[in-house]
Participant: 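Mind looking over this structure? Questions follow.
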Amino acid sequence: QVHLVESGGGLIQAGTSLRLSCTFAGGTLRGYDVGWFRQAPGKERQIVAAIGWGGSNTYYDYSARGRFTISKDYDKNTVYLQSNSLNPEDTADYYCAARLHGPSLSLDYSYDYWGQGTQVTVVS
C-alpha cells in the first residue's frame, strides 16, 4: 500500500517561493508516476504538475509553466514541487498522487493513491 505524505505548505506573501514535498512513506517511489494537484475553495481539483516514473517526462498546467518545477529525489523517496512567484490565485489545498501506469499524466482519475494534502495560502 502506498502512503503519501505532503508537507511544506503555509501562509506566505505574494511573490515569494515555497517548496512542497511528497514523501512515499514506507516504500519506494521507483516505478510510479507522481502528480501534484490543487483545489481552491469552491473550485474543482486541477492538475499543477506531474512527473513520469523515469523522471524525464513532465507535464505542467499552463498556470504553472515557468513558475513551478516538479522533481524526484529517489534517495529520499520524495517528489518536490518548487513554486516560485506565488500569487493569491495559487491559494489552495495541494495534493500529491501516484500511480504505476496510465494515460496522460494530467488526468486525476488515473491516479490510484492520494495524500491528505497541504494547505497553501498566499496573501498580497
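This structure is a prediction, so every number in the text was calculated from the model and none was measured.
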Participant: I'd like to know if the side chain of Thr118 and the backbone of Gly9 have a donor-acceptor N/O pair within less than 3.5 Å.
Facilitator: yes
Participant: Is the Trp114 ring parallel, tilted or perpendicular to the Phe37 ring (thresholds 30°, 60°)?
Facilitator: tilted
Participant: Decide yes or no for Thr69 and Tyr60: does some side-chain heavy atom of the first lie under 4.5 Å from some side-chain heavy atom of the second?
Facilitator: yes
Participant: Does some side-chain heavy atom of Ile12 sit less than 4.5 Å from a side-chain heavy atom of Leu86?
Facilitator: yes
Participant: Is the shortest heavy-atom distance from the side chain of Arg67 to the side chain of Ser17 under 4.5 Å?
Facilitator: no
Participant: Main chain of Cys96, side chain of Glu6: is a donor-acceptor contact present, judged purely on distance under 3.5 Å?
Facilitator: yes
Participant: Would you list the pairs meeting salt bridge (charged side-chain N to carboxylate O under 4.0 Å, His left out) in which at least one residue belongs to residues 17-32, sequence neighbours left out?
Facilitator: none
Participant: Is the side chain of Gln39 donor-acceptor paired with the backbone N or O of Tyr94 at a distance under 3.5 Å, no angle test?
Facilitator: no
Participant: Heavy atoms, side chains only, cut-off 4.5 Å: are Val79 and Leu29 in contact?
Facilitator: yes
Participant: State, yes or no, whether a side-chain contact exists between Val2 and Phe24 at a heavy-atom distance under 4.5 Å.
Facilitator: yes
Participant: Among residues at least two apart in sequence or on other chains, which ones pass salt bridge (Lys or Arg N to Asp or Glu O under 4.0 Å) with Asp108?
Facilitator: Arg45
Participant: Using a 4.5 Å cut-off on heavy atoms from C-beta on, say whether the side chain of Val122 contacts that of Gln13.
Facilitator: no
Participant: Return yes if some donor-acceptor pair links the side-chain N/O of Lys72 with the main-chain N/O of Asn77 below 3.5 Å, else return no.
Facilitator: no
Participant: Does some side-chain heavy atom of Leu18 sit less than 4.5 Å from a side-chain heavy atom of Leu20?
Facilitator: yes
Participant: Of all residues at least two apart in sequence or in a different chain, which pass the salt bridge (Lys or Arg N to Asp or Glu O under 4.0 Å) check with Asp33?
Facilitator: Arg99
